[in-house]
Asks: 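Structure provided below as structure tokens; questions to follow.
Values in this document were obtained by computation on a predicted structure and should not be read as measured data.
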Amino acid sequence: MSKRDEFITVIRTLKAASPTITDKQRIGLLQQATQNYGLSAQEATEILKDLDLVVGEGVNYFDVLGFSIEEIQSLNENAIVNLVEAAHKKRYSASLRAGGRIRSDGKTEEQWRTLLNRACDTLKNPQQRRKHIDSLKNERHARHTELTGSVPDDMALIPAGEFLMGSNDDEAHKDEKPVHTVYLDAFYMDIHPVTNAQYKAFVDANPQWSKPEMLTEHIWTKYHDGYYLHHWYTDNYPFIIGDHPVVHVSWYAAMAYAQWVGKRLPTEAEWEKAARGGLMNQKYACGNSIDESKANYGRNVDETTPIAKYAENGYGLYDMTGNVFEWCLDKWDKNFYRSSPRNNPVSDHSIIGIINNFTKTKAFRVLRGGSWYNKVHNVRVAARTAAHPTYANSHLGFRCVMDVTP
């Protein structure tokens, strides 16, 4: 029996016990698939989908208790608890009076009371309530995407929710500590770094960002260090690398490209959550172990490789480990984790402020992901580094994100 078949047997056995799993169980199964059965996170996700082992029960606990999310938005915690308990008491008492009949939804009254208790416990707990609201939002995004196909081309939806950012491993640097809980709104991310071919379209349409050759219009020297598009000949890349990530691009140029396509650079937190692909406590985008078959790092190829050459992570993203370092929106702050906000953190004020004033920025900016040149320690998902926004060497690329609008 192949490793894949062994994993399928495990899933079928689990499904026989319960047709639904929690999101935590899903993440655990993805970890088992990569670590014990040699599968990619995407392969494992497809197996779960094919075998119809679904996350959660599809139950809205607000509907169970008879009120909406909107009704609690202006309430303090005590008022929310009072509302939940009153709604639970009313419906629980009605169920006791109903006797042993079967409900119209197919549940027995005993099963219904179990669900009422679960809804009450979840919505009274602030953290559990937040997670439940996030799961409902993510389900709505997924249904909307399925019905409308509205995820932009070559992008993936990164769902709203919490994740653990940073690392407390012995090999982690001080700037990766402490591990802390971060909540992010949903966003879309490019499934691969911006390629040479994509960047050429930007340069052709915006000659002010052309390579500084004998041209009437080109990038200003204050926006690069002299190596901007160093590997290009005038305004064209070597024809054989059109599907490789563009490199020798400064932060300023990456910001300009992102604005041109109606996107932006990711925050450092967005980048790390996306890189983790739904896995917890893993070192790399592909899991807790890595070798030359999973990513381009440690000069095992000695140059960039085409996008999508290696398997994607659990969110369907390529090259989150290795190939090229990727610019982030944030100003570099080695101590940021000690005091960063819990919700949608970004250093250097606000996302809008950074975007609107990016040409005036002088501070170092964050780089994440490691590159084809870097040793394995530097391609961990928690590893942090930075460079001056004019820096444009052969290891640096970028990808973009978009906010999810209701």
Side-chain angles (χ1 to χ4, degrees), residues 141 145 150-160 184-206 209 219 223 228-229 237 242-277 285 304 306-308 312-313 315-331 344 346-348 350-359 361 365-371 381 387 389 391-392 395-405:
H141 285 313
T145 298
S150 63
V151 173
D153 290 343
D154 294 327
M155 301 192 84
L157 174 66
I158 313 303
L184 294 177
D185 293 330
F187 60 97
Y188 300 117
M189 175 174 266
D190 289 346
I191 63 173
H192 57 73
V194 173
T195 65
N196 284 292
Q198 289 174 315
Y199 197 77
K200 175 173 169 50
F202 162 69
V203 169
D204 289 346
N206 299 273
W209 293 97
I219 186 172
Y223 296 143
Y228 177 69
L229 298 181
Y237 54 86
D243 61 349
H244 286 229
V246 66
V247 293
H248 291 293
V249 176
S250 66
W251 182 82
Y252 296 117
M255 289 286 289
Y257 173 94
Q259 286 195 355
W260 181 68
V261 295
K263 304 177 183 179
R264 62 174 172 82
L265 294 184
T267 66
E268 185 176 14
E270 287 172 338
W271 190 96
E272 184 168 324
K273 178 178 180 178
R276 291 184 178 279
T304 60
I307 57 171
E312 69 270 44
N313 74 357
Y315 288 143
L317 306 174
Y318 297 93
D319 292 330
M320 297 301 287
T321 291
N323 213 2
V324 290
F325 267 116
E326 298 183 7
W327 285 115
C328 292
L329 203 62
D330 303 57
K331 180 181 74 173
N344 301 307
V346 57
S347 65
D348 199 16
S350 68
I351 290 175
I352 295 299
I354 296 170
I355 292 172
N356 289 344
N357 298 283
F358 83 91
T359 58
T361 291
R365 316 313 289 188
V366 172
L367 288 166
R368 300 298 295 263
S371 75
V381 290
Y391 196 48
H395 310 161
L396 269 64
F398 67 101
R399 76 178 74 209
C400 302
V401 300
M402 284 178 60
D403 297 317
V404 172
T405 54

Asks: Taking all heavy atoms of F325 and all of G369, pick out the closest pair and write down the distance.
Replies: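 Scanning both residues, the minimum pair turns out to be CD2-N, 4.3 Å.
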
Asks: To the nearest 0.5 Å, what is the distance between CD (E272) and OG1 (T267)?
Replies: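 Separation between the atoms: 10.5 Å.
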
Asks: Backbone N or O of F202 within a donor-acceptor pair of the N206 side chain at under 3.5 Å?
Replies: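 Confirmed, N206 side chain pairs with F202 backbone.
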
Asks: Return yes if some donor-acceptor pair links the side-chain N/O of Y237 with the main-chain N/O of V246 below 3.5 Å, else return no.
Replies: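 The answer is no, because no donor-acceptor pair under 3.5 Å joins these two groups.
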
Asks: Test side chain to side chain contact (heavy atoms under 4.5 Å, CB included) on Y315 and K273; report intermediate values, then the result.
Replies: CA-CA 10 Å; Y315 288 143; K273 178 178 180 178; 4.0 Å; yes

Asks: Could you give me the CA-CA distance, side-chain angles and deciding distance for Y188 and V404, then say whether side chain to side chain contact (heavy atoms under 4.5 Å, CB included) is met?
Replies: CA-CA 7 Å; Y188 300 117; V404 172; 3.7 Å; yes

Asks: Check this for me: N356, atom CG, are more than 12 non-hydrogen atoms of other residues, nucleotides or ligands nearer than 6.0 Å?
Replies: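 For N356, atom CG is crowded (more than 12 foreign heavy atoms under 6.0 Å).
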
Asks: How long is the gap from CD1 on I354 to CG on L265, to the nearest 0.5 Å?
Replies: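 Nearest 0.5 Å value for the CD1-CG distance: 9.5 Å.
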
Asks: Could you report the tightest heavy-atom contact between A285 and T321, atom names first, then the distance?
Replies: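 For A285 versus T321, the nearest heavy atoms are N-OG1, 3.0 Å.
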
Asks: Between R365 (side chain only) and L329 (backbone N and O only), is there a donor and an acceptor less than 3.5 Å apart?
Replies: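 It does hold such a pair.
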
Asks: Distance check, rounded to the nearest 0.5 Å: W271 atom CH2 versus R399 atom CZ?
Replies: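 That separation rounds to 8.0 Å.
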
Asks: To the nearest 0.5 Å, what is the distance between CG on D403 and CD1 on I351?
Replies: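 Going from CG on D403 over to CD1 on I351, the span is 6.0 Å.
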
Asks: Begin with the C-alpha distance, continue with both residues' side-chain angles, and end with the deciding distance and a verdict on side chain to side chain contact (heavy atoms under 4.5 Å, CB included) for V366 and K331.
Replies: CA-CA 6 Å; V366 172; K331 180 181 74 173; over 6 Å; no

Asks: Picking from V324, L367, V247, V194, what satisfies side chain to side chain contact (heavy atoms under 4.5 Å, CB included) with F398?
Replies: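 By the side chain to side chain contact (heavy atoms under 4.5 Å, CB included) criterion, F398 pairs with just one of V324, L367, V247, V194: V194.
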
Asks: Got P193 and I307 here, is their nearest side-chain heavy-atom distance under 4.5 Å?
Replies: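 They are in side-chain contact.
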
Asks: If you measure from the Lys or Arg side-chain nitrogens to the Asp or Glu carboxylate oxygens, is any gap between E326 and R368 under 4.0 Å?
Replies: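 Salt bridge between E326 and R368, a charged N being under 4.0 Å from a carboxylate O: no.
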
Asks: Can you tell if the side chain of Y228 reaches within under 4.5 Å of the side chain of Y391, non-hydrogen atoms only?
Replies: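 In short, these two side chains do not touch, never coming nearer than 4.5 Å.
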
Asks: Any side-chain hydrogen bond (donor to acceptor under 3.5 Å, both in side chains) pairs touching residues 244-257, not counting sequence neighbours?
Replies: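 Every pair satisfying side-chain hydrogen bond (donor to acceptor under 3.5 Å, both in side chains) with a residue in residues 244-257: H244-T304.
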
Asks: Kindly compute the distance separating CD1 (I191) from OH (Y318), expressed to the nearest 0.5 Å.
Replies: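 Between I191 CD1 and Y318 OH, I get 6.0 Å after rounding to 0.5 Å.
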
Asks: Ignoring hydrogens and angles, tell me if any N or O in the side chain of D330 forms a donor-acceptor pair with the backbone of S347 under 3.5 Å.
Replies: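 Yes, D330 side chain to S347 backbone: donor-acceptor pair under 3.5 Å.
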
Asks: So L317 and E312, side chain to side chain contact (heavy atoms under 4.5 Å, CB included) or not? Walk me through it.
Replies: CA-CA 5 Å; L317 306 174; E312 69 270 44; 5.8 Å; no

Asks: Tell me if the CZ atom of F187 is crowded by more than 12 foreign heavy atoms within 6.0 Å.
Replies: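 More than 12 heavy atoms, drawn from other residues, nucleotides or ligands, come within 6.0 Å of this atom.
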
Asks: Could you measure the distance from the CE atom of M155 to the SG atom of C400? Nearest 0.5 Å is fine.
Replies: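 Reported value, rounded in 0.5 Å steps: 7.0 Å.
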
Asks: When you check the gap from the basic side-chain N to the acidic O, do D190 and K263 get nearer than 4.0 Å?
Replies: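 Yes, this pair counts.
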
Asks: Any donor-acceptor pair under 3.5 Å linking the side chain of N313 with the backbone of A274?
Replies: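 Checked: pair present.
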
Asks: If you compare all heavy atoms of N323 against all heavy atoms of P245, which two are closest, and at what distance to 0.1 Å?
Replies: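 What the structure gives for the nearest pair is ND2-CG, 3.5 Å.
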
Asks: Does the salt bridge (charged side-chain N to carboxylate O under 4.0 Å, His left out) test come out yes or no for E270 and R264, once each step is laid out?
Replies: CA-CA 12 Å; E270 287 172 338; R264 62 174 172 82; 2.8 Å; yes

Asks: Which atom pair, heavy atoms only, marks the closest approach of V381 to A275?
Replies: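 Nearest heavy atoms, V381 then A275: CG1-CB, 3.8 Å.
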
